[in-house]
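So the structure is just underneath, and the comments pick up after that.
Keep in mind it's a predicted model, so treat the numbers as computed, not measured. The first residue in the sequence is number 1, and the count goes up from there.
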Amino acid sequence: MTLDRWWRGLGTALSFIAFGIGGLFIGLVVAPLLSVCVRDDERRQYLARCLIQRGFRAFIALMQGLGVLDYRFERQERLQRPGLLVLANHPSLIDVIFLLAHMPHADCIVKGRLASNPFTRGPVRAAGYITNDEPEAVLEAARESLRKGNSLILFPEGTRTTPQRPIKFRRGGANIALRTGTAITPVLIRCTPTTLTKGEPWYHIPASRVRMELRVLDDLPINDDNQQPTGQLARQLTHRLSDHFNRELEQLHHERDTRRSVD
């Protein structure tokens, strides 16, 4: 193993330690202080989300500074608009960190087990993020969050993307879009070389520095005037979204390969 790879391994370990300490600090110190000092629930969640956004920005800067990764975020200014329904593919464990770090007061649908994990339950509960334990409750919570003007982040694959396989979405994102009448803001994410994929431990350090590439695509309007049943519309929209992401991801690969060959 090269010296560079050893150093990136150490940097990865330090980054995860910092993440764990930050999560515990929010859960054990910040959340109780907010509960005592701020009586209004929405105000308390707003402050917690602002803190998480700044914390994730610092975390990304730490990973960059340690040489663990670099990133490029195209058209991120489009995420500053309120009331967005952001759907993204999910190639790596840290995707959500980049989205939450670059979106003001964003809400997020997370796996239920994160609300019980000692390192993540504090931030999840303090920020009032939506857990996916009960599908019907998720839909109502998403509707209420969007009604308040929050932006909502969702990974419709339901789990991290398997490398070298096409993206295949589940119907959760389409159902929320159709039942709330909200256009979809797609975010395409590419991670090269792959890291922190499903089932891959953090200590599997890739041969070269990781590069995260995120691109905000044009909004996709939904057709909610169609007389077909919502379930059928959701299936059609889900298929359309999967095709759209796979096509755009292939285009992104082609652009990067072309640029690399020119350089």
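- Side-chain atoms of Arg171 never come within 3.5 Å of backbone atoms of Gln236 as a donor-acceptor pair (strictly under, hydrogens ignored).
- For Phe19 and Phe119, the distance between ring centers is not under 6.0 angstrom.
- The aromatic rings of Phe169 and Phe245 lie perpendicular to each other, with more than 60° between the two planes, well past the 30° mark.
- Counting only distance, with no hydrogens or angles, the side chain of Arg211 and the backbone of Asp70 share no donor-acceptor pair below 3.5 Å.
- Of the possible donor and acceptor atoms, none in the side chain of Glu213 sits under 3.5 Å from a partner among the backbone N and O of Arg190.
- Within 6.0 Å of OH in Tyr46 there are 12 or fewer heavy atoms belonging to other residues, nucleotides or ligands.
- By the criterion of side-chain heavy atoms lying less than 4.5 angstrom apart, applied directly or through intervening Ile, Leu, Val, Met, Phe, Trp or Tyr residues, Phe56 is grouped together with Leu14 in one hydrophobic cluster.
- The minimum heavy-atom distance between Ala177 and Leu237, with the atom names listed, is CB-CD2, 4.4 Å.
- The backbone N or O of Leu146 sits nowhere less than 3.5 Å from a side-chain atom of Asn150 that would complete a donor-acceptor pair.
- Looking at Gln45, its side chain never comes within 3.5 Å of a backbone N or O of Asp107 through a donor-acceptor pair.
- Taking the six-membered ring wherever Trp is involved, the centroid distance between the rings of Phe73 and Phe98 does not fall below 6.0 Å.
- A distance-only check finds no donor-acceptor pair linking the side chain of Thr185 to the backbone of Val86 [under 3.5 Å].
- In this structure a side-chain-to-backbone donor-acceptor pair under 3.5 Å is missing from Asp243 to Arg240.
- A distance-only check finds no donor-acceptor pair linking the side chain of Ser151 to the backbone of Pro82 [under 3.5 Å].
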